[in-house]
Participant: 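Structure provided below as structure tokens; questions to follow.
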Amino acid sequence: MEREELTRLLQQVRRGSLGVAGALERLRNWPTEELGFVAIDHHRGLRQGQAEVVFCQGKRPAQVAAIVGRLLAAGANVLATRATPETWAAVRAAVPRARYNEAGRVITVSQRPPARTRGFVLVMTAGTADIPVAEEAVETLRALGSGVRTAYDAGVAGLHRILRHRDAMRRARVLIVVAGMEGALASVIGGLVDRPLVAVPTSVGYGAGAGGIAPLLTMLNSCAAGVGVVNIDNGFGAAVLAHRINLLGEGRRR
């Protein structure tokens, strides 16, 4: 249950359009609802400004569909990450209005459009192979309400590809830079802008890249100031951080 919904509930009780017994029934599964295999945190939206996000990896498709159904019943918008096509099929069968970003492996169901920010987050990738992680970030940003723009395949192997995005880089409130291989893109862009930059190393690369360890270490050792680093392939975590920074620029809190 998010802040807006709880506010409406309390206003209904105050006006007399909803009795105390009805309000208690609505709150029966709040803050936690046990389904045996999961304890859904319905308090997350009030506490953190966004409903609990479903991490699909390791869950059976039927389990994800059940969680999505309970979140929707509680009035939340749904964001589910790392969803396979099999998981998507199960959710779509239960919730036909659900959307699926195949590249980013993200399922979304919007019951109430989030308030949109004036500022935007620019999501950049070094190469096309980094787009799946970037798209996870993009879908997360959209679900949370941040404006988002993308600049894909702008790696350091062709510096001119970076410079053609200079205007967007300067106007963005926050940047997310997604890169595999050696991960140098975050340092290059970090040296060109005065905006907070969230670097995301990906597992894209050859053997010595060690599944993303090489770009992770490059980003952690960046000589550019103002660069923060999240875990390998963690587009979701980068997006949540970037969104919260973006909200600070709005002069409001959720």
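Basis for what follows: all heavy atoms, side chains included, without hydrogens, waters or symmetry-related copies. These numbers come from a predicted model, not from an experiment.
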Participant: Taking only distance into account, with no hydrogens and no angle test, what donor-acceptor pairs under 3.5 Å do side-chain atoms of residues 207-216 form with protein atoms, sequence neighbours excluded?
Facilitator:
none

Participant: Who are the side-chain hydrogen bond (donor to acceptor under 3.5 Å, both in side chains) partners of Arg161, not counting sequence neighbours?
Facilitator: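 Partners of Arg161 under the side-chain hydrogen bond (donor to acceptor under 3.5 Å, both in side chains) test: Asp153.
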Participant: Restricting to side-chain hydrogen bond (donor to acceptor under 3.5 Å, both in side chains), what partner residues turn up for Ser110, sequence neighbours left out?
Facilitator: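 Partners of Ser110 under the side-chain hydrogen bond (donor to acceptor under 3.5 Å, both in side chains) test: none.
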Participant: Once salt bridge (charged side-chain N to carboxylate O under 4.0 Å, His left out) is applied, do any residues pair with Asp167, and if so which ones, sequence neighbours excluded?
Facilitator: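 Testing Asp167 for salt bridge (charged side-chain N to carboxylate O under 4.0 Å, His left out), a comparison that skips the adjacent residues, returns Arg171.
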Participant: Got a sec, which pairs hit salt bridge (charged side-chain N to carboxylate O under 4.0 Å, His left out) with one end in residues 229-247, sequence neighbours left out?
Facilitator: none
Participant: With a 3.5 Å cut-off and sequence neighbours excluded, list the donor-acceptor pairs that the side chains of residues 174-190 form with protein atoms.
Facilitator:
| residue | atom | partner | partner atom | Å |
| --- | --- | --- | --- | --- |
| Glu182 | OE2 | Ala184 | N | 3.1 |
| Ser187 | OG | Ser222 | OG | 2.8 |

Participant: Quick test of your reading: applying salt bridge (charged side-chain N to carboxylate O under 4.0 Å, His left out), list the pairs with at least one residue in residues 75-87, sequence neighbours left out, ordered by first then second residue.
Facilitator: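 Sorted result for residues 75-87: Arg82-Glu136.
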Participant: Can you list the residues that meet the salt bridge (charged side-chain N to carboxylate O under 4.0 Å, His left out) rule with Glu139, with sequence neighbours excluded?
Facilitator: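 Applying salt bridge (charged side-chain N to carboxylate O under 4.0 Å, His left out) to Glu139 gives Arg99, Arg142.
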Participant: Partners of Arg173 by side-chain hydrogen bond (donor to acceptor under 3.5 Å, both in side chains), sequence neighbours excluded?
Facilitator: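 Counting only residues at least two positions away or on another chain, Arg173 forms a side-chain hydrogen bond (donor to acceptor under 3.5 Å, both in side chains) with Asn246, Glu250.
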Participant: Is the side chain of Thr117 donor-acceptor paired with the backbone N or O of Gly147 at a distance under 3.5 Å, no angle test?
Facilitator: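 Answer holds: yes.
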Participant: Output all residues satisfying side-chain hydrogen bond (donor to acceptor under 3.5 Å, both in side chains) with Asn234, sequence neighbours left out; order by chain, then residue number.
Facilitator: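 None.
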Participant: Please collect all ring-ring contact (aromatic ring centres under 6.0 Å, His included) contacts where either partner lies in residues 119-173, sequence neighbours excluded, each pair once.
Facilitator: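 Output for this query is empty, none listed.
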Participant: Quick one: ring-ring contact (aromatic ring centres under 6.0 Å, His included) pairs with a partner in residues 66-85, sequence neighbours left out?
Facilitator: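 Pairs touching residues 66-85 that pass the test: none.
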